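What follows is one structure encoded as structure tokens, with my remarks underneath.
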Amino acid sequence: MSMLTSPSELARGTARLIEDLSQGAGGLYALIDQSVVPSTLRAAMDDFGERQEFLRPGMTPSWHTPVLISLQGFTPARQLRFALFVSETLPYANALSLLKTEQPPEQFLKSLCVRSRVELVGGMTAVLRWFDGRCLASLPGILTPDQWTFLRMPVTSWRYVDRQGAWQEVKIDGSFSGLDTLRLSQEQEDALVGDGVPDAVLDQLLSRFHPALDGLLPPQQYELVMTHLSKLPAVERMDVSRAADALFDSLLALV
């Protein structure tokens, strides 16, 4: 798959998708992970109309929660303006999805809340970051078929931006799952944690302004970290802080 290197290419693809998905019955929404939106651009999101944050019960809204923006009734000019905004802000952030549903707005919001909450072994609860394209891509191989079906049930069409900054489609087959919540086994929890370690290590290296990452696009940064992370012992690799410390030194040799 080719890597998108131009925000305008993502903008054109986004505008076409919004236009295509707006056809027919159902409501169309943009889902954005606000945690990656630069603080200087957050106010601009208010210009696109109705927005709702979905959270687990008891959580306080913040810029670390995902936001749902209704795209219903957008004119072609407004579609393009929105597409330009997200392509310039989120081209590699894995933080943008387009969701279409036949559920009423309040029911859809509730459905997403339920699916962002998972129960862990021992009764603890956590947020399942399926709205992050990096996590979403791994879920079909981690969740059971019933769990994966449950996650997709409220949606009739689902597109998301992947790690390379390209649009991908989640296949919706219309199946029904009898689940009412997502409960993870220890093996599933371990798999999700392991899947997220490289990105967590990368985030730490970026926060330290590691010079080896300068000039690289986010997918290239990830591949560099993955290559060096795979050389560490398993115990050290799974400890984010220890792994970041080890890679900080080893990557300096590349500069």
Side-chain angles (χ1 to χ4, degrees), residues 1 13-14 16-35 51-57 59 65-72 86 90 93-120 125-185 187-189 191-196 199:
M1 181 183 299
T14 302
R16 287 194 298 269
L17 262 182
I18 293 175
E19 183 177 5
D20 292 344
L21 295 174
S22 295
Q23 308 301 315
L28 179 63
Y29 298 86
L31 177 63
I32 297 176
D33 181 359
Q34 297 180 103
S35 65
R51 48 177 284 167
Q52 294 176 296
E53 295 170 335
F54 67 85
L55 308 159
R56 290 186 300 148
M59 289 183 66
T65 57
V67 64
L68 202 63
I69 299 176
S70 174
L71 302 181
Q72 287 303 109
V86 296
L90 312 170
N94 322 106
L96 173 64
S97 299
L98 293 177
L99 305 176
K100 190 162 187 177
T101 183
E102 295 179 354
Q103 294 185 345
E106 288 188 5
Q107 182 182 351
F108 187 48
L109 190 67
K110 182 178 180 180
S111 294
L112 298 185
C113 288
V114 169
R115 284 154 178 80
S116 66
R117 176 184 180 275
V118 292
E119 292 187 7
L120 307 179
T125 61
V127 173
L128 179 65
R129 292 184 57 82
W130 56 264
F131 44 83
D132 184 327
R134 299 169 300 182
C135 178
L136 179 63
S138 67
L139 290 181
I142 296 176
L143 299 181
T144 67
D146 259 2
Q147 290 172 330
W148 179 234
T149 295
F150 175 69
L151 185 65
R152 296 175 293 165
M153 273 172 43
V155 182
T156 58
S157 183
W158 191 338
R159 305 291 200 282
Y160 70 98
V161 178
D162 69 6
R163 188 183 294 280
Q164 303 296 322
W167 280 105
Q168 300 295 335
E169 180 178 4
V170 175
K171 298 298 182 182
I172 307 296
D173 57 17
S175 299
F176 178 78
S177 170
L179 301 180
D180 57 7
T181 192
L182 290 170
R183 296 180 176 87
L184 302 184
S185 66
E187 291 76 13
Q188 290 174 313
E189 182 182 344
L192 282 171
V193 170
D195 186 67
D199 287 303

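Positions are given from 1, in the same order as the sequence printed here. Keep in mind that the numbers below use all heavy atoms, side chains included, and drop hydrogens, waters and symmetry copies. Please read all numbers here as calculations on a predicted model, not as lab measurements.
Formation of a donor-acceptor pair under 3.5 Å by the Glu102 side chain with backbone atoms of Thr156 is not found in this model. Judged by distance alone, the side chain of Arg115 and the main-chain N or O of Phe150 form a donor-acceptor pair under 3.5 Å. Judged by distance alone, with hydrogens and angles left aside, the side-chain atoms of Gln23 form no donor-acceptor pair with the main-chain N or O of Asp20 at under 3.5 Å. Remark: side-chain polar atoms of Arg117 are not paired, donor with acceptor, to backbone N or O of Cys113 under 3.5 angstrom.
For the residue pair Tyr160 and Ser97, the shortest heavy atom distance occurs at CB-OG, 3.5 Å. Minimum interatomic distance between Gly24 and Lys100 (heavy atoms only, all atoms of both residues): O-NZ, 3.7 Å. Closest approach of Arg152 to Asp173, counting heavy atoms only: NH2-OD2, 3.8 Å. Across Leu28 and Ile18, no two heavy atoms sit closer than the pair CD2-O, 3.7 Å. Here the closest heavy-atom approach between residue Ser157 and residue Val155 is recorded as O-CG1, 2.8 Å. For the residue pair Tyr29 and Thr101, the shortest heavy atom distance occurs at CE1-CG2, 3.8 Å.
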Trp130 vs Trp158, test: ring pair (Phe, Tyr, Trp, His ring centres under 6.0 Å). Steps then yes/no. CA-CA 12 Å; Trp130 56 264; Trp158 191 338; 5.6 Å; yes
Stepwise, does the side chain to side chain contact (heavy atoms under 4.5 Å, CB included) test hold for Gln168 with Leu136? CA-CA 11 Å; Gln168 300 295 335; Leu136 179 63; over 6 Å; no
In sequence, state the C-alpha distance, the side-chain angles, and the governing distance for Glu119 and Leu182, and then conclude on side chain to side chain contact (heavy atoms under 4.5 Å, CB included). CA-CA 6 Å; Glu119 292 187 7; Leu182 290 170; over 6 Å; no
What do the steps show when you test Arg129 against Asp33 for side chain to side chain contact (heavy atoms under 4.5 Å, CB included), and what is the final call? CA-CA 9 Å; Arg129 292 184 57 82; Asp33 181 359; 2.3 Å; yes
May I have the step-by-step check of side chain to side chain contact (heavy atoms under 4.5 Å, CB included) for Leu98 and Leu71, ending in yes or no? CA-CA 9 Å; Leu98 293 177; Leu71 302 181; 3.7 Å; yes
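Inter-residue side-chain proximity for Phe176 and Thr149 is flagged as unmet; no heavy-atom pair is nearer than 4.5 Å. Put simply, the side chain of Leu31 does not reach to within 4.5 Å of the side chain of Val67, judged on heavy atoms. A 4.5 Å side-chain heavy-atom check between Leu128 and Ser116 finds every atom pair outside the cut-off. Between Ile142 and Trp148, the closest side-chain pair of non-hydrogen atoms is not below 4.5 Å. By the 4.5 Å heavy-atom criterion applied to side chains, Leu99 and Arg159 are not counted as neighbours.
In this structure, the separation between CG on Leu96 and CG on Asp162 is 11.5 Å, given to the nearest 0.5 Å.
Here Arg163 pairs with Asp199 in a salt bridge; the nearest charged N to carboxylate O distance falls below 4.0 Å.
A donor atom on one side chain and an acceptor atom on the other are not found under 3.5 Å apart for Thr181 and Arg183.
By the side-chain contact (heavy atoms from CB on, under 4.5 Å) test, Asp146 is found to be paired with Thr144, Ser177, Leu179, residues two or more places apart in sequence or in another chain being considered.
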